[in-house]
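See below for the structure under consideration.
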Amino acid sequence: MHELSIAEDLLAIVEKTAAEHQLVRVARLRIVVGALGNVVPEALEFALEVAGRGTVADGAQLEIIEVPVTVRCTECGTETELEDIAFVCSACGSVNVDVVRGSELYLDSIEGDTDLEEKAVND
């Protein structure tokens with residue numbers, strides 16, 4: 001389960017970013033995961049929940065955006081979103097394709113509070 005090490009790396013980024021922006025609590029995280037990353041979203045969600053306990057992201061709402069694999073044919077230029085792991089151009093049938101999307105894994109956004117007392121007063 002490599003999702004735990006991914007979760008720990010993401011949480012390190014979250015804590016650094018939260019400190020830079022003086023967030024006292026992270027309420028929401030959005031993570032983008034490409035289909036080629038071999039990441040199981042449910043396992044990543046569980047790993048983030050467990051590894052995030054006691055951190056600024058403890059209890060944060062998590063949104064995982066899954067990105068399908070898209071390839072571009074080097075012969076005809078057509079971009080094809082793959083439904084399976086057959087790296088073939090849908091227009092000309094060529095196997096000479098480059099991966100355009102689907103290998104990414106990154107923290108897209110963080111939402112949080114800078115002052116919980118101020119938020120409680122305004123609610």
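Values reported hereafter were calculated over all heavy atoms of this structure, with side chains retained and with hydrogens, waters and symmetry mates removed. Just so you know, these numbers come straight off a predicted model, no measurement behind them.
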I need the [X] [atom1] to [Y] [atom2] distance, nearest 0.5 Å.
X: Glu45; Y: Glu63; atom1: CD; atom2: CD; value: 11.0 Å
X: Leu105; Y: Leu44; atom1: CG; atom2: CG; value: 7.5 Å
X: Leu10; Y: Ile110; atom1: CG; atom2: CD1; value: 9.5 Å
X: Asn38; Y: Ser103; atom1: CG; atom2: OG; value: 11.5 Å

### Atom CD of Glu20: over 12 foreign heavy atoms under 6.0 Å
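Above 12, so yes.
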### Task
Mind checking salt bridge (Lys or Arg N to Asp or Glu O under 4.0 Å) for Glu111 and listing every partner two or more places apart, or none if nothing turns up?
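With sequence neighbours excluded, Glu111 shows a salt bridge (Lys or Arg N to Asp or Glu O under 4.0 Å) to Arg28, given in chain and number order.
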### Message
Going by salt bridge (Lys or Arg N to Asp or Glu O under 4.0 Å), name the residues that satisfy it together with Asp108, two or more places apart in sequence or in a different chain.
### Response
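Partners of Asp108 under the salt bridge (Lys or Arg N to Asp or Glu O under 4.0 Å) test: Arg30.
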Any side-chain to backbone donor/acceptor pair from [X] onto [Y]? Under 3.5 Å, distance only.
X: Thr74; Y: Asn96; answer: yes
X: Thr80; Y: Ser90; answer: yes
X: Glu104; Y: Gly102; answer: yes

### Query
Hey, what else clusters with Val32 if you join Ile, Leu, Val, Met, Phe, Trp, Tyr whenever side-chain heavy atoms sit under 4.5 Å?
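Its cluster partners, ordered by chain and number, are Ile65, Val67, Tyr106.
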### Query
With the threshold set at 4.0 Å, does a side-chain nitrogen-carboxylate oxygen contact exist between Asp113 and Arg25?
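Answer for the salt bridge query: yes.
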### Query
Linking I/L/V/M/F/W/Y whenever their side-chain heavy atoms sit closer than 4.5 Å, directly or via other members, would Val69 and Val88 fall into one cluster?
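In one cluster with Val69: Val88, no.
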### Query
In terms of hydrophobic clusters joined by side-chain contacts under 4.5 Å, are Ile13 and Leu48 together?
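Yes.
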### Message
Any heavy-atom pair between the side chains of Leu11 and Val56 that's under 4.5 Å?
### Response
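A side-chain contact is absent here, since even the closest heavy-atom pair is not under 4.5 Å.
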### Beyond-backbone contact of Cys89 with Glu75, side-chain heavy atoms, under 4.5 angstrom
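They are not in side-chain contact.
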